[in-house]
J.: 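The structure follows.
These numbers come from a predicted model, not from an experiment. Hydrogens, waters and symmetry mates play no part in the numbers below; they use all other heavy atoms, side chains included.
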Amino acid sequence: MTPVEHVEHVDLVERLRLPVLWRGYASAGRHLPRLVVPGVLVLAPLGLVSLLVLPVALGDEAALVDRRLELLWASDAALLTWTFVPVAVALVAQTLVFPATVLMAAGQLTGRPVPPVAALRAAFRRWPAVLALAVVALLVVALLVVAGLGFVAMPAAGAGLPRVTGSRGLATLLVAGVGLAAMPGLLAVPAVLLHGCSALGAIGRACRLSLVNPARVAFALAAGVVAVPAAAGWALERGLATLPDLTATPVAALAWPMFALAVTPFQAAVVARQFLSCVAWRTGVDDDDLRHGLPGNPSAEDPRPDGARLLTLALLPGLLFGGIVLVNPFRWPELRETDVTEHWTSVDGRSAHEPRLGPYDLRELYPGRGPGPVMVVDGFEDLASLLSCADAFCERTDFRWAEREGGYETAAASVATARLPDGRLIMTTWRSGSLELLVCESWGCAPAGEERIARTGASPRWIGTALAARRDGGVVVAIARHEPVDGDPEEDVVSFVRCPDPRCARPDVREVARLDPAAYLGSVRVLAVAVGPGDRPVAARFDSVSGQIQVISCQDAGCRLPARVTRPVPPLPRRPEHDRGAETGLALAVRPDGRPVIAYRDLADRTVELLDCATPDCARAQVITLGGGGPNHPTPALALDGSGAPLVAFFDRGQRRLMLARCAGGRCVSTAVARVRGGAGEGLAMTLDAEGRPVIAWIDDGGALLGGEWRLVVTTALAVPHIAP
């Protein structure tokens, strides 16, 4: 070594012995444009190939949810495959890109630049050892995750450390400490490339090198490889969240690929500098270990990369993907999904005097008088309340009581509600043994009048009520209650109460049917009423014991002629109590031509059915099966679109999909509009917004009965070509 080379080497050693933390970041940023080349050469072509096969492979399984591509129709096995295969391919590609970038970073730090192609060749020659290191790293990470946090599919695994330590927080700190102690293992990658070690030999050398200053090495690697990239990713995500949808989509399509390409060079530069720093502290000034293993100087056969072409190649996958998402040439359903419980911090109420929302309290959904919808909330033995959305997608909410303290009975069946032609809501309520009406404005609800619609000496919990608005601003109330017949047995007496206006100062009460008794429960809507053409009331009742449906229709507006009672769904054979399963109900709507449609779940096999009546009295009807379900699924939600065709929202496929069906001409077409991450909860309601788009409120139940998390979600179908008229 000449004197000049000796001085240069001493300067290099002293420079590399300086603290790594900030200098590692500075060198990573300074050399980033060159260090990103291996990632572009390997990962960008993979991205382009993925975009070419993506539309063909996905078919009709994909949807655009909040401008993000998601798989809704895919089975759990297919979803796992779609998740595992791209991740596995990316990880395998990274086992080539990361070591090549480490090699280039080491060359830049020691003054012997390594061309990208030469770095990739060297990494490929050492690929078996690097792959073995990657497998070891994945096993370590998997063990840490399983031991500390556990997986949903393996809850017992996550219970190990918390059970031993007695605290989940302490267990998390313990796992974090173990992970920090394992960080020096990253130095095994440059040990393989520069010193030619085997996988196990490289791990041993990394451990020995880190003994120079174990704490400093671990923290420097943890900060540069984990903390700084994670913080940058979080900041990027928060920044994109502030952009409008149309702007955020193309920006995100470009920003995330560029971020992914930049993270690897940054991490590689930190690892390379830390490795060389450790070597410098353990090396004499006459030792040439710092440049050991680096390829020679660039040769003529190593072409220098063209910056413009590389930038084009790096941006092309993001540009294509952003264009596909914006233009949607494959006509995937476009949906908007809002987690209301994420935006609203008072889900469980802060005091006994505030309204509360539980996972079983969602009842109805209506268009609001403002830009957003309104939900009716009525808990078990609790007063009813209104959850109003301040915007179309329910990202801002206002929660207030509908019923207030002062004689209103909580031990009553769930409130019945309807929307008046002027946009206000009207609902039934029980106070002091009498049925009254409330009218709800934007500021809250108030009694519609002093008139008592009905009185009863029995508990209102066992009385069925339903409510419908008339086109002239009046209302129709359907009431079903048990009455003894000569002392024994009982039967249900169904009456219609016609009110000329919401105040109902002059109620017109008509008994319309006497039926076998059925159970009326607060959380299940087994009695429904609607108003057809000519102001004719139509009611439907679901017998939750036999599964029979009765349709009660008036022949005139005032129900002065005898009402017709038809039974389009026959009763099931009598079954033992333990075979009946959970209760279910029905949803009723009347089309413009007067024919009713009813959505319900069959008690025999829990399938979702649509009863499509061919006549106004439903004497002739067709039963259309929409999908399967489980015993704990809620009653389907039903609405009519602008053409009068029925829209049905329901849970299907083992509680993992929220479905939307449109029916016309005796045929129904269904499509998935949301993936249920927890399970099908007890709440499901649907309405149409001002533009005629279906808006669905539903509960994603992650095990609320056992203390698990649950979500109130609002899904808006912006464009669903599969079910469009």
Side-chain angles (χ1 to χ4, degrees), residues 20-48 50 83 86-109 114 116 119-120 123 130 133-134 137-138 140-141 179-180 182-183 185-190 193 218-241 251-275 305 307 310-311 313-319 321-322:
V20 172
L21 196 59
W22 299 112
R23 289 175 175 81
Y25 303 162
S27 63
R30 187 169 61 254
H31 301 302
L32 191 63
R34 185 172 180 83
L35 297 181
V36 79
V37 175
V40 174
L41 294 177
V42 175
L43 297 177
L46 288 177
L48 288 174
S50 300
T83 303
V87 171
V89 171
L91 289 177
V92 171
Q94 280 291 77
T95 60
L96 184 63
V97 172
F98 184 76
T101 311
V102 168
L103 199 61
M104 290 183 64
Q108 295 289 341
L109 291 170
V114 179
L120 287 171
V130 175
L133 290 178
L138 288 177
V140 171
V141 172
L180 185 63
M183 292 305 299
L186 291 170
L187 302 181
V189 175
L193 295 169
F219 277 104
L221 290 172
V225 177
V226 179
V228 172
W234 176 84
L236 177 60
E237 183 177 5
R238 294 296 297 268
L240 292 174
V251 172
L254 294 176
W256 282 116
M258 296 303 294
F259 175 78
L261 289 173
V263 163
T264 296
F266 185 87
Q267 294 171 322
V270 171
V271 171
R273 185 174 182 87
Q274 185 62 70
F275 178 82
L310 284 175
L311 181 62
L313 183 60
L315 295 178
L316 189 56
L319 288 172
F321 183 77

J.: Give the minimum heavy-atom separation between Val97 and Pro38, together with the two atoms involved.
T.: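 Of all heavy-atom pairs spanning Val97 and Pro38, the closest is CG2-O, 3.9 Å.
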
J.: Once side chain to side chain contact (heavy atoms under 4.5 Å, CB included) is applied, do any residues pair with Leu316, and if so which ones, sequence neighbours excluded?
T.: Leu48, Leu320

J.: Which heavy-atom pair separates Trp256 from Leu240 by the least distance, and what is that distance?
T.: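 The pair with the smallest heavy-atom distance is NE1-CD1, 3.3 Å.
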
J.: Can you give me the closest heavy-atom contact between Val225 and Val271, atom names plus distance?
T.: CG2-CG2, 3.9 Å

J.: Any chance you could measure Phe266, atom CZ, to Phe259, atom CZ, to the nearest 0.5 Å?
T.: 10.0 Å

J.: Hey, could you give me the CG/CD distance between Leu221 and Gln267, rounded to the nearest 0.5 Å?
T.: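 With rounding to 0.5 Å, CG (Leu221) is 10.5 Å from CD (Gln267).
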
J.: What residues, two or more places apart in sequence or in another chain, satisfy side chain to side chain contact (heavy atoms under 4.5 Å, CB included) together with Pro99?
T.: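 Here the qualifying residues are Ala123, Val130, Val189, Leu193.
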
J.: Applying side chain to side chain donor-acceptor pair (under 3.5 Å) as the test, list every pair that has at least one member in residues 227-239; sequence neighbours left out.
T.: none

J.: Are side-chain heavy atoms of Arg34 and Pro116 found at a separation under 4.5 Å?
T.: yes

J.: Ala223 and Pro229: which non-hydrogen atoms are nearest, and at how many Å?
T.: O-CD, 4.1 Å

J.: Show me the donor-acceptor pairs, under 3.5 Å and distance only, between side chains in residues 86-95 and residues at least two apart or in other chains.
T.:
residue : atom : partner : partner atom : Å
Gln94   : NE2  : Thr264  : OG1          : 2.9
Thr95   : OG1  : Val92   : O            : 2.3
Thr95   : OG1  : Trp127  : NE1          : 2.8

J.: If we check side-chain contact (heavy atoms from CB on, under 4.5 Å) with Leu120, which of these qualifies: Thr101, Val42, Val37?
T.: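 Exactly one option meets the side-chain contact (heavy atoms from CB on, under 4.5 Å) with Leu120, and it is Val42.
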
J.: For Ala188, which residues count as a side chain to side chain contact (heavy atoms under 4.5 Å, CB included) partner, sequence neighbours excluded?
T.: Leu133, Ala202, Ile203, Ala206

J.: Tell me, please, which residues at least two apart from Ala105 pass side chain to side chain contact (heavy atoms under 4.5 Å, CB included).
T.: Leu35, Ala269, Ala272

